[in-house]
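Heavy atoms only: backbone and side chains are in, while hydrogens, waters and symmetry mates are out. By convention in this document, chain letters (A, B, ...) are assigned in the order of the sequence lines, proteins followed by strands, and residues within each chain are numbered from 1.
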Number of protein chains: 2
Amino acid sequence: MNVKAAFPSIPHQDGSTHAHTSSWVASTLRRQIAEGRLHPGAKLSEQALSEALGVSRNTLREGFTLLDSELIINRIPNRGVFVASPDAEDIKEIYAVRRTIEPAALAWGPNLDVPAMEQVIAEAFTALAAGDIQKMADANQNFHELVIASSGSELLQELMGRVLARMRLVFHAMSDAPDFHSHYVERNAALVRKLSDGQRFEAAEELRKYLDTAEIELLGHLATLDVR
Amino acid sequence: MNVKAAFPSIPHQDGSTHAHTSSWVASTLRRQIAEGRLHPGAKLSEQALSEALGVSRNTLREGFTLLDSELIINRIPNRGVFVASPDAEDIKEIYAVRRTIEPAALAWGPNLDVPAMEQVIAEAFTALAAGDIQKMADANQNFHELVIASSGSELLQELMGRVLARMRLVFHAMSDAPDFHSHYVERNAALVRKLSDGQRFEAAEELRKYLDTAEIELLGHLATLDVR
DNA sequence: AAAACACAGATTGTTCAACAATCTTGGTGA
DNA sequence: TCACCAAGATTGTTGAACAATCTGTGTTTT
């Protein structure tokens, strides 16, 4: 399967002054990967990509350097660049991060915004009732972003953005991703109720348990697939 | 002041094939900056540096891309690259991260190693008694690294490594860095005693208070300097 | 026929030279 | 003193080049 074929040639041409062409390259590829147009494990040939994007090989490589630092791609010396395909170990790492940061943000974050969380949970419920899985998953994602935002740290939000991008990669790698989010909506709601009552530590513990079960479930599903 | 002059020409020549020259460049510059040989605000000229390091401008730029993603340098389009010089806002950001992650690692981390912590604290005390400030500061640093390691997450250790590198940059920017660490040794000791008693949450709260006062003290000192 | 080998072609890692765009500098004139 | 301006330096990006390494395909060997 040719990557170039799957690539809608996005000429880097539209007058918009290149703040940094390499960062434009990186964000373009990041989007393609996030949207699943470039699936995990796919090889990114320098010649093909530089032509498709309309940039030089040198600039493309600079973009690669960025994506590599974000763990979105995997660079193997003299072999090439591949879209990252997280394995079980990576999933454990992702959850180790989440289990540290998210409960801490709930327990101690100075920017906790309970009303906003209630709002998002309500949206998740209506989306769930309407059967709109995508919208519900989005609401769920928004909820976790709100949790992180409680920490009041831009850096952590950035880190978690990268970690969650990695999570999406996991789901893209599983062609038959079942609906992992639906049955967590009620749990998130209970969590927010605790927050409304000012029980931040209890909410944090709840979130930790939530992440524990989510990790186990995800790893379990992955194990059934890894028999390939 | 010429940067090239301050730069001990480190030829990139010693046969040892570097997996990626750009990452060698990045780590070399990282070290130079960490050791204070390149002080905050210094401009890193592409021509001068590429000559001094014995690499092409292209490769140097790839290294810059890496350091930029680590916030160690500051890249201004068409202007050049400068060693980052964190300001008060950056310090607040650093402490927001620490105040989230470090207590969480203490409270919930699966890899908590109390004996190792006791060991490090003991070292800090003997160094302090011997008047060896450097050794004491190192022990203090080790202590915080142990705290992070409790989280069991490589990614967080990496993130904190970058954050602490930034902290060192703050100290390098203050030519007259007073001894900030000495009076925290006893506090850390009290903290570890709580851990020995199994009181992880109390230790976490203690650590948060510690970080609060450290931030205030650091910001206070910075304010007295910023009158320049 | 299966496994080891060999070699031509493709790909990556890095350098060099070039050029437009932008910034900096030092001098000029008001 | 200040605004202006041209010459020179620096950055951002490209394209071609080359050595080193990998890949694939066909051939030899067992």
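Side-chain N/O atoms of B:His20 include one lying less than 4.0 angstrom from OP1 or OP2 on C:dT14. A sub-4.0 Å separation between OP1 or OP2 of C:dG13 and a side-chain N or O of A:Arg61 is present. Listed pair A:Thr59 / D:dT14 meets the phosphate criterion, a side-chain N or O lying under 4.0 Å from OP1 or OP2. At the phosphate of C:dT24, OP1 or OP2 sits under 4.0 Å from a side-chain N or O atom of B:Arg79.
One interatomic measurement links the two molecules: CG of B:Leu60 to P of D:dT10, which rounds to 14 Å at whole-angstrom precision. Remark: C1' of D:dT13 and CZ of B:Phe64 are 16 Å apart, rounded to the nearest angstrom. Per the geometry, CD belonging to B:Glu46 stands 14 Å off P belonging to C:dT15, to the nearest Å. One atom, CD1 of A:Ile76, and another, P of C:dT11, lie 16 Å apart when rounded to the nearest Å. Straight-line distance from the CG atom of A:Leu49 to the P atom of C:dT11: 13 Å, rounded to whole Å. Between the CH2 atom of A:Trp24 and the P atom of D:dT13 there is a distance of 11 Å, rounded to whole Å. Per the geometry, CD belonging to A:Glu62 stands 9 Å off C1' belonging to D:dT13, to the nearest Å. A:Glu51 has its CD atom 19 Å from the P atom of D:dT13, to the nearest Å.
Looking only at side-chain heavy atoms (C-beta outward), A:His39 and A:Val83 stay at 4.5 Å or farther from each other.
Ring centroid separation for the pair A:His144 and A:Tyr184 does not come in under the 6.0 Å cut-off.
Ranking C:dT12, C:dA17, D:dG12 by closeness to the A:Lys43 side chain, first place goes to C:dT12.
No hydrogens or angles considered: a donor-acceptor pair under 3.5 Å links the side chains of B:Thr65 and B:Arg75. B:Asp138 and B:Gln134 form a side-chain donor-acceptor contact under 3.5 Å, judged by distance and modelled atom types alone.
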Candidate pair B:Gln141 and B:Arg168, rule side chain to side chain contact (heavy atoms under 4.5 Å, CB included), full reasoning: CA-CA 11 Å; B:Gln141 165 112 347; B:Arg168 277 192 289 278; 3.0 Å; yes

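Remark on DNA chain D: of its neighbouring residues A:Asn58 and B:Gly80, the 5'-side contact belongs to B:Gly80, judged by nearest-heavy-atom nucleotide. Heavy-atom nearest nucleotides on DNA chain D were determined for A:Asn78 and for A:Arg57, and the one closer to the 5' end corresponds to A:Arg57.
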